[in-house]
Amino acid sequence: MNINLLSEQEAATLKDWIAASSRILILCHKSPDGDAIGSSLGWAEYLRSLGKNPSIIVPDAYPDFLHWLPNTDKIIRYDKHADKVEALFSQADLIFCLDFNVPTRIEEMGELLTQARCKKVMIDHHLNPSLDDAMILSYPKASSTSELVFRIVWQLDGFESMKKAWAVPVYCGMMTDTGGFTYNSTDPAIYFIISQLLSKHIDKDKIYRNVFNNYSSWAIRFRGYLLNQKMNYFEDLHASYYTVTRDEMTRFNFIKGDLEGLVNEPLRIKGTKLSISLREDTDTDNLVFVSLRSVDDFPCNKVAEEFFNGGGHLNASGGKLHCSIEEAEKIARQAIKSYAEMLRK
Ligand SMILES: [Mn+2]
């Protein structure tokens, strides 16, 4: 199966740039998810196989359920080690941007990235990438950036020498970005890739359990509480929203990752087309994070753009509101009502 993505020119340039660089950084987006971490670890492992020693830098904390991945001890957090990261940026000769499309996705680090005078490569699957003076390898149809890492390593003839420590994060990133291969995962290439990853002796069932069956009892109670007490379901409109307040997070000993994927749960109600999650920030007042999920051709990214200062994929997007949770709730109701015609069908 031909799974190559890059033009010959891109492949050659990428090889040259890597070969010529010795101070390489790998960055991924704020609040890193399984794909951000998985693709970064996988790409770092590939670069190490070429004799490089890249630094993986993340803007802030990533969920507990990813800490078991190999080599996470090498990940540097900008929010904890700003000075060290700034020094690394000032010396870098090649920067890889994985799983994000614009510098603002890495918040304060975005400035360091735009100001850095070195070669930059963006490898990503989000829509509308933009990074000045960079080689942009953007494939919005791909399931995940981890899939892109696999395909690029494959095309650059790195696959043979890759070991389990490469295959595990790559598989993990593909799995998490597709909800365990239940959405955005119909491309046959994905299953070719999985079969190749399995040849590196990964235990895919264990990877699934490590990620998805890794909750505390508090988290399960919290998720149950939100569905039971907080879900607003519009039967006639096949849409749902729920709110999560800071008080509730404290009450249920919330830690990062506890509510991961919960926004998908209302979609399990027969016929549901749209699910919206509204969550207060843990520190900042009047900041509400919004997650949206939809099915089939209902464009939740349009809803995100129009009502929640956000955007994203057709069926998975996000945004944020600078207002109270009560006002956010009103906006969500308004959003659902304004799409009533499309939702009712
Ligand atoms: Mn991704």
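Just so you know, ligand 1 is whichever comes first in the structure, and atom 1 is the first atom listed for that ligand.
The name of the N, O or S atom in Asp177 nearest to the Mn ion (ligand 1) is OD2. When distances from the Mn ion (ligand 1) to the N, O or S atoms of Asp35 are compared, OD2 comes out shortest.
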Given Tyr233 and Tyr241, is the ring pair (Phe, Tyr, Trp, His ring centres under 6.0 Å) satisfied, shown in steps? CA-CA 7 Å; Tyr233 192 73; Tyr241 78 87; over 10 Å; no
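Proximity of Asn232 to Ser240: side-chain heavy atoms (C-beta onward) are nowhere separated by under 4.5 Å. Side-chain contact between Phe159 and Tyr46 is absent, with no heavy atoms from C-beta onward closer than 4.5 Å.
Geometry at the Mn ion (ligand 1): NE2/His125 and OD1/Asp99 form an angle of 90°, nearest 10 degrees.
Partner Tyr171 forms a ring-ring contact (aromatic ring centres under 6.0 Å, His included) with one of Trp166, Tyr208, Phe181 and no other, that one being Phe181.
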